[in-house]
Every structure is written in C-alpha cells, then in structure tokens.
Amino acid sequence: MTDTWRQLADHRAATGDRPIAALFDGDPDRARRCTVAADGLWFDWSKTAIDDTALDLLLALAEGVPSRREAMFTGERINETEGRAVLHTALRATEGPILVDGRDVLPEVHATLDRMRRFADRVRSGEIAGQGGRYTDVVNIGIGGSDLGPVMAALALAPWADGPRLHFISNVDGADATDTLKGLDPERTLVIVSSKTFTTIETMTNAETVRRWMAGRVADPASQFAAVSSALDRTAAFGIDPERVFGFADWVGGRYSVWGPIGLSLMLGIGPDRFDEFLAGGRAMDHHFRSAPLEGNLPVMLALVGVWHHQVCGYPTRAVLPYANRLLRLPAYLQQLEMESNGKRVTMDGADLDRPSGPIVWGEPGTNGQHAFYQLIHQGTQVVPCEFIVAARGHEPDLDHQQKLLIANCLAQSGALLRGRSLEEARALMAGKGLPEAEAERQARHRVFPGNRPSTTLVIEALTPFTLGQIVALYEHRVFVEGVILGINSFDQWGVELGKELALKLGPLLDGGDADGQDASTLALVAHIRGVRGDG
Ligand SMILES: O=P(O)(O)OC[C@H]1O[C@](O)(CO)[C@@H](O)[C@@H]1O
C-alpha cells in the first residue's frame, strides 16, 4: 500500500463518524467550492464526506493521470494486454494528426464518417430504398458495445428522431428477434449487423434468423443488409456488399464505439447533423479533460469521488440515477462501460490488485426508482452513494411544470439523503397521535432516516445531442482515471471469455453430446432440462 492510500485510509478512519452535514456547518462556502463546471455542465460533489485533506490526498493519487492521458490521446499502445492503442477519442476529433505507429488515423476516421453520412442521407431521403420502397425501419443486430450505445442514445435523443424507426436485437433468446420483427415490413426494413469481431455467437445467430425472415418475402435479402465491423473478410463471407460495410480499427474498444460506425443506426434515426452535435459534445469533454487542472477537471473529480466511496470508504456499489426519463438505458450502458472496463483483479503488470476493483454500478431513472428501491437507499443498512443527473430544462415547454416537479424530486432526494430524520424529529411526528407511549416510540423508530448518505449531482442545461455526447465522454474519462489510479488495464475484457468458451461446449451437450470436463451440478441441470424438454 502506498503512503497516499494509507493516509487516505487513516483519514477516513479518523473522520468516518463526522456527519457530512458538519462539513457545511464548518464551511459556508462549501456548496460553491465543491463544484466543477465544464461547458455548461455543473457537477456538485459537496454532499460527500470529502474534506480538504481527503481532496488533497485523492488529487495526489491522480498524479499519474496527465501523462497516461496524453499517452491515450496520442495513440500509444496503452491497452497492453491486447497490444493496442486506445483512440475512441479520435472518432470525434477534428484536429490531427493522431499517430498510431507513425501513421495519421484521422483521414480514415473522417472518410468513414463521410461514407456513413452519405449512406444515412441517401437512406433517409429514400434514394437508397428497400424492395418495397423507402425504408421505414432499421434493425440493428449487435450485443454489448455493439448495441448498448446506440440503444441508449436513440432513447435519449428521441425528440430528434426524424428518420426511419430504430429497433435493436441483441439477445440470443429468440424472443428478442421475434418480438422486434413483429409488425415490421421485411421489404422496407434495413438490417445492420453490428459486430466488431463478426464472430459473436448471439449476433451471428440473430443475423441468420433475420436473413431467413427476410428471405421469405424479399427477392434479394442481402441488398437490405449493411454491416459495421472491423472484420471485413467475415462481412464479405456473410454476403454483405462492401459498399454497405463500415469498418473501424482495433483501437476502438466495443464499449467505446458508439462514436463511429457502431453509431450508424443512431445516425440514420437522427440524421448526420445531429450525430455531429453528439460528436461535438464528446469532443468538448475531451478538450476539457485534456486541459483543465485536476481539481477543476470534471472526469477527474467524478473519478476521485468514485475512488473515495468505493476504495476508501468501502461502499460496494454506486447508483446512477438520471432524473431524465430518456436516459432510461444510461445505467445499463454505464454498467458495461464501467464494469467491463474496471472489473479487473490484477494490475497492468499481472500482480494481484491489493484493493477493490471497480464497483457494482446500477440504477434507474427517477422518479420511478423512488417508488421501487430508494427505501433501501434511505433506510437500508448498506450505504449506496448516489449519482444524480438532472436537466434544468426539459424538452417539452408546455410540460415545464412536470420538469420542475422532476427537479424538485431530484433535489429532495439528495437533500433527504444528506439530512435524514433524527429520532427526536420522528418522535415529534408521532406525538399527538394519541398512541400509547411505547407504541409511539416503536413507530417513531421506524420513521428514522440515518441521513449522512453521500451523493453527487450533475446538472445539465437540457438533454440534447451535444450534452449527451458530453455525458458519455465524461463517463468514459472517469473510467479511464479510475483505471489509472488502480493501475489496471481498463481496455481489455478477458473476463467474458471463459463463459463464451463453455457455452460453445455446452451446446452439443444439450443435444446429448460428450460430457467430458463438466461439473456434476451442470451435468444434473443438463439432464433435468433434457428431461423437461423430452430430449433425454
Ligand atoms: O462487437 P462484437 O465483437 O460482436 O462484441 C460485442 C461485445 O462482446 C464483448 O466482447 C464481450 O463479450 C464486448 O466487449 C463487446 O462489446
């Protein structure tokens, strides 16, 4: 353990009993001081137990961030276990050169973006059409990073959707394809098979299913397929015309890929100009991340709050709570971004990580979550740091009273988490209800809120393509900073491989194949399922 980590642990031990509210009592300026602004975003971390000493120590942990950050932005192979550069930032960059092995990657990025724009314009105008006429629907088939980004962004940017309707098939469960295709006209549906590797079993299986669905009604189904992949040999083998294949380089990780061709479905839905605004938002965040001093740097501060809560205080999860219904799938998107990136057990050099890796990330939009799981957040025995996101303005001017109600709820929650309700206050609540004393006391105890529960609030002006770009890039850089502080590789995902390998072996076993190497529990489950299915 380095000195800084030890000092942080000691500081936490010494101050852990001090209520967060006391920090406000001792510092009337705290609410103003503990905020970071970046191009219209406003991040308030004052409702955490981080004091000046903790902040200094956390900033010391981040000392290595600037050099590593430059290594990322300038194309060094910082994904050391896969020998790759990490350049999703290049997908939204306008100024180069950005060199990988001495070659500027920007011309190709821009050429691909231009091809995407031309394709999207021609599909949206009807110039490229299906065999039954202008495309009314687009189905993206992909999973993980080849699905979650476009799904999340398409929902978030629904007010800008003026192209074909977007649909997404990800799960290998045939129910997903069946339900999605129901009601679609195969002659007017464009299918995009999105897979970086073009080997992912779920995606390839669904692509075959959809091709069969189309073959029943369309003379030349292949002409209504496009592909997004970095495996151009495989897209060709699948029969997709290279004209409709959009490639990207191996330095774009799946969960960081929404900015490029994986975002094609989104571009078709909202149009190239809005997609450009999304890229511009990401670019603005890149500029801020690269240039702002650490203590005024939004991704750095979001990361330091995360490190404080998880690695220092030991809170096992964090909840992302957008008070913006259109950010419905942001928590799911962040689950992959954060947990696939920072759920690692060894450091870059292969040594055991001597502290917790990234936290469990979960969440749901407010106010819905309030009526579901907030009970535990307020009164459960585990502390869940909450990350609220709220927009000052909604997209529906005629429903502004609802936006104000939404904002009021968001602020009420973070306020209640901070303040809580004491036993004395709960007793006062019960007094005068005519209950016997012991019963009043019992009832009062159920109405106590411990408070002192940390939260942060990110305020955006409004949810737009630009601000969505800022938010996504903010979280990408937060993951990066946390990864640097932990000394892990945030850009590989070996942890998903074993399950994939075993699934391939288990397929034949369900058909009565060889049982070699399977554990007894799995064999018993297979036998039971085969029995239920009548396969045994
Ligand atoms: O785009 P592909 O190659 O189909 O991969 C899909 C997803 O699968 C994963 O490799 C995990 O299994 C993710 O990292 C990725 O986003």
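Positions are given from 1, in the same order as the sequence printed here. When a ligand or atom number is given, it counts from 1 through the structure's own listing order. Predicted model only: the values in this text are computed from it and were never measured.
Taking each of Glu497, Glu202, Lys500 in turn, the one with a heavy atom nearest to atom 9 (C) of ligand 1 proves to be Lys500.
In this structure, the side chains of Ile78 and Phe480 come closer than 4.5 Å at one or more pairs of heavy atoms.
We find that Arg478 and Glu387 are joined by a salt bridge, their nearest charged nitrogen and carboxylate oxygen being less than 4.0 Å apart. By the 4.0 Å N-to-carboxylate-O rule, Asp241 lies close enough to Arg244 to be salt-bridged with it. A salt bridge links Arg124 to Asp162: at least one charged side-chain nitrogen sits closer than 4.0 Å to a carboxylate oxygen.
The only member of Glu338, Glu476, Glu340 that meets side-chain hydrogen bond (donor to acceptor under 3.5 Å, both in side chains) when paired with Arg255 is Glu340.
Looking from atom 1 (O) of ligand 1 to the surrounding protein, the closest heavy atom is Ser146 OG, 2.6 Å. Nearest to atom 5 (O) of ligand 1 among the protein's heavy atoms is Thr200 OG1, 3.5 Å. Given atom 14 (O) of ligand 1, the protein heavy atom at minimum distance is Glu340 OE1, 2.6 Å. Nearest protein heavy-atom neighbour of atom 16 (O) of ligand 1: Gly145 N, 2.7 Å. Protein heavy atom closest to atom 6 (C) of ligand 1, with residue, atom name and distance, is Ile143 O, 3.2 Å.
To the nearest 0.5 angstrom, Leu157 atom CG is 5.0 Å from Ile270 atom CD1.
Of all atoms in ligand 1, listed by their number and element, those nearer than 4.0 Å to a heavy atom of Val496 are 11 (C), 12 (O).
Residue Gln336 has at least one N or O atom closer than 3.5 Å to an N or O atom of ligand 1.
By the criterion of a heavy-atom distance under 4.0 Å, both the backbone and the side chain of Thr197 are placed next to ligand 1.
Residue-environment remark: CD (Gln382) stays at or below the threshold of 12 foreign heavy atoms within 6.0 Å.
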